[in-house]
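The structure under discussion appears below in the form of structure tokens.
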2 protein chains.
Amino acid sequence: MGDERIKGKVREAVQTGAQTKVQTGAQSLSFVNAPFLSCAASVTGKKEGEGPLGRLFDHVSGDDLFGENTWEAAESAMQKLACSLTLQKAGRKASEIRYLFGGDLLRQGTATSQGVEGFDIPMFGLYGACSTAGEALALAAMSVAAGYGERMLAVTSSHFGSAEKEFRFPLGYANQRPLSAHWTVTGSGAFLVTAGAEQSANIPGDAGTGQSAAMPGQVKISGVTVGKIVDFGLKDSQNMGACMAPAACDTILQNFRDFGRGPEDYTRIITGDLGHIGQSILFDLMQDNGYDIRGNHLDCGMLIFDQETQDTHSGGSGCGCAAVTLASYIYPKLRNGEWERVLFVPTGALLSTVIYNEGASVPGIAHAIILEHAAPGR
Amino acid sequence: MGDERIKGKVREAVQTGAQTKVQTGAQSLSFVNAPFLSCAASVTGKKEGEGPLGRLFDHVSGDDLFGENTWEAAESAMQKLACSLTLQKAGRKASEIRYLFGGDLLRQGTATSQGVEGFDIPMFGLYGACSTAGEALALAAMSVAAGYGERMLAVTSSHFGSAEKEFRFPLGYANQRPLSAHWTVTGSGAFLVTAGAEQSANIPGDAGTGQSAAMPGQVKISGVTVGKIVDFGLKDSQNMGACMAPAACDTILQNFRDFGRGPEDYTRIITGDLGHIGQSILFDLMQDNGYDIRGNHLDCGMLIFDQETQDTHSGGSGCGCAAVTLASYIYPKLRNGEWERVLFVPTGALLSTVIYNEGASVPGIAHAIILEHAAPGR
């Protein structure tokens, strides 16, 4: 029985691991029949729309409440809209989606529960802090690659108003933010993961210049490296980059080991929301392990805001940060072949105000998703 | 590509669905090479140890703080202990576990993050309220059945002290509890899901009469039905049974449809924590749909406490409730063949205090796991 399993179609990574002397403890999967990232959509608030990626988002709201009465309901509305836009672009109905994998930063994942309940799709609620976009894409890809369904939806969100209230201070307190703090992205990204290549179109009138039907290629999720919890004992909830950088380093190194790769094998290595401080720590940690990723590293939290003019300090963060940056900026470049292979590494700080106030440290986690350009028809 | 997928080894449920006219929207998976639930362990607090299942638990603590300073740290300690006991019983090291699927009821899943970080196992954090035991077992079984690893660990927990603080009032407030309220179980259950049949032994000196090496059989996870969010608009956080019963009904009915089964096909149908009130609603809802499950329904929340003497009102609840009841009571009966096939349906109320205080309703979700006795050697 055991041996039979090893012959399974998605254990290539274990075999890769064996070649590179990583057997037990190897954390990666390589999909022989890699699923496609067929469609993506991004929804953001006003400030994100004013940032460097603003014109790439599918929907930028002028109203950060999205017509609702609370930040929490606004976040749910964003998730709902991001899923709707993804389905609309892909020309699919919710009933054609087998399972949904979703999460947010709010306690008990309520933005997701309230946001997706109307779609009537069987769902798995996830929590990986800001790494949840990676967790959702990993599980969606694993489920599609295993043949558990033709189409899965992955969605995550965060909201500046709801997250500040949840993790630090309600906006009305007008507390001063240290320079090491991040600015939680108000945004939601949704992704359609499919067994076969599927077309998707821009919606007439939308703002995105992204993934149109005219694009020549496809994007495959060729593998994943599932992260471990890494805890360096840091306790500062206003310096999330430092809490997450060790986890990002751990997962990237593991990905290199499992696949026998190095930085040169990826067009870009893109972390979720380490920000300026986290990035410098990551560079140092990688250097200590013999790798220089300065040449091809990007961070979604640094891409989404203009640090000079937008007063966002260390950078953007939140479940929505990596998700909308992937949907709007990374995905189109992979789709049209400008980038060949990206290691997408959303990073999460596993914090709550309760354990923070009780003096516990903030462990980090990061999941890596390997995204590859695929020529049309492949 | 699409057709190729449908021939995948784990799509039998879709085919079953097709026979019974449920194609799109079918929510179930049936594993052709069903994974084994090879080992289980339960850890509880004092009150649970005094209840009807008390002598079956592997570890009952006399100290509900488990030697820690906070309820949250105590909950983490329980998860750690439940995982350790499972590994010890199975004779496995943490490094032999491919992935861990875990969750709890605390905001941002901190009991799990803090509880499992020491094992150094790649992990997926989950949130499905009290349905998380089902979600974790479903994803662990899906991952093993797909060949993503030989062994996965699923773990969930809840703690009366941390949950009352998180959802209602800190214990020090000594608030009065309505009769419809549940009593959150202080407990954690951990499960080893494996590709092949594996032996597990009781630990010398433990309290359990459960899954010893002398037991004649094995337990297989033959299928899952992934739940949808079901929202009947109820808003009472002190009546969780009513919020969850519609979700339980929806998932059980879908399971019947997807597999062409009825109540008579299951030795027992066991919900997570509907309690006395939720059970009566479930019976009515099932009756409305033409099914009488009175003869073979059990509820973990009703099994774990003695309503007469333990002052637990509607019954036990929490992520730990279904988990420790499965580990201590249900699993041994399946293992020794006393029960042939059980539909295990952990139920969750997707509540947070934030959205509760904002007047939102409490949606429910339930995931169903089909557990079957397997003769030795099968």
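Predicted, not measured: the structure shown is a model, and the values here were computed from it.
In this structure, T110(B) and L350(A) have side chains that are not in contact, with every pair of non-hydrogen atoms separated by 4.5 Å or more. In this structure, the side chains of V226(B) and M123(A) stay at 4.5 Å or more apart for every pair of heavy atoms. When side chains are defined from C-beta on, F101(A) counts as touching L139(B), because their heavy atoms get closer than 4.5 Å. The shortest distance between side-chain heavy atoms of R107(A) and L106(B) does not fall below 4.5 Å. Put simply, the side chain of F119(B) does not reach to within 4.5 Å of the side chain of K228(A), judged on heavy atoms. Side chains of F124(A) and L126(B) form no contact here, defined as non-hydrogen atoms less than 4.5 Å apart.
Looking only at distances, a side-chain donor or acceptor of Y99(A) sits under 3.5 Å from a matching main-chain atom of Q27(B). Remark: the backbone N or O of L29(B) is not paired with any side-chain donor or acceptor of Y148(A) at under 3.5 angstrom. Not a single donor-acceptor pair under 3.5 Å links the side chain of Q108(B) to the backbone N or O of A129(A). E117(A) places no side-chain N or O within donor-acceptor distance of the main-chain N or O of P363(B), the cut-off being under 3.5 Å.
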May I have the step-by-step check of side chain to side chain contact (heavy atoms under 4.5 Å, CB included) for N69(A) and E358(B), ending in yes or no? CA-CA 9 Å; N69(A) 291 320; E358(B) 288 171 357; over 6 Å; no
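When G109(B), S143(B), G103(B), S352(B) are compared by the number of non-hydrogen pairs under 4.5 Å with chain A, S352(B) comes out ahead. Among E166(B), H367(B), M142(B), E198(B), the residue making the largest number of heavy-atom pairs under 4.5 Å with chain A is M142(B). Among the candidates T251(B), T225(B), D120(B), T353(B), the residue making the largest number of heavy-atom pairs closer than 4.5 Å to chain A is D120(B).
Of the atoms belonging to K93(B), not a single heavy atom falls under 4.5 Å from chain A. With a 4.5 angstrom heavy-atom cutoff, A94(B) does not touch chain A via any of its atoms.
Scanning for side-chain contact (heavy atoms from CB on, under 4.5 Å) contacts around S76(A) gives A111(A), Q114(A), with sequence neighbours left out.
A side chain to side chain contact (heavy atoms under 4.5 Å, CB included) with S113(A) holds for exactly one of I365(B), D231(B), I229(B); it is I229(B).
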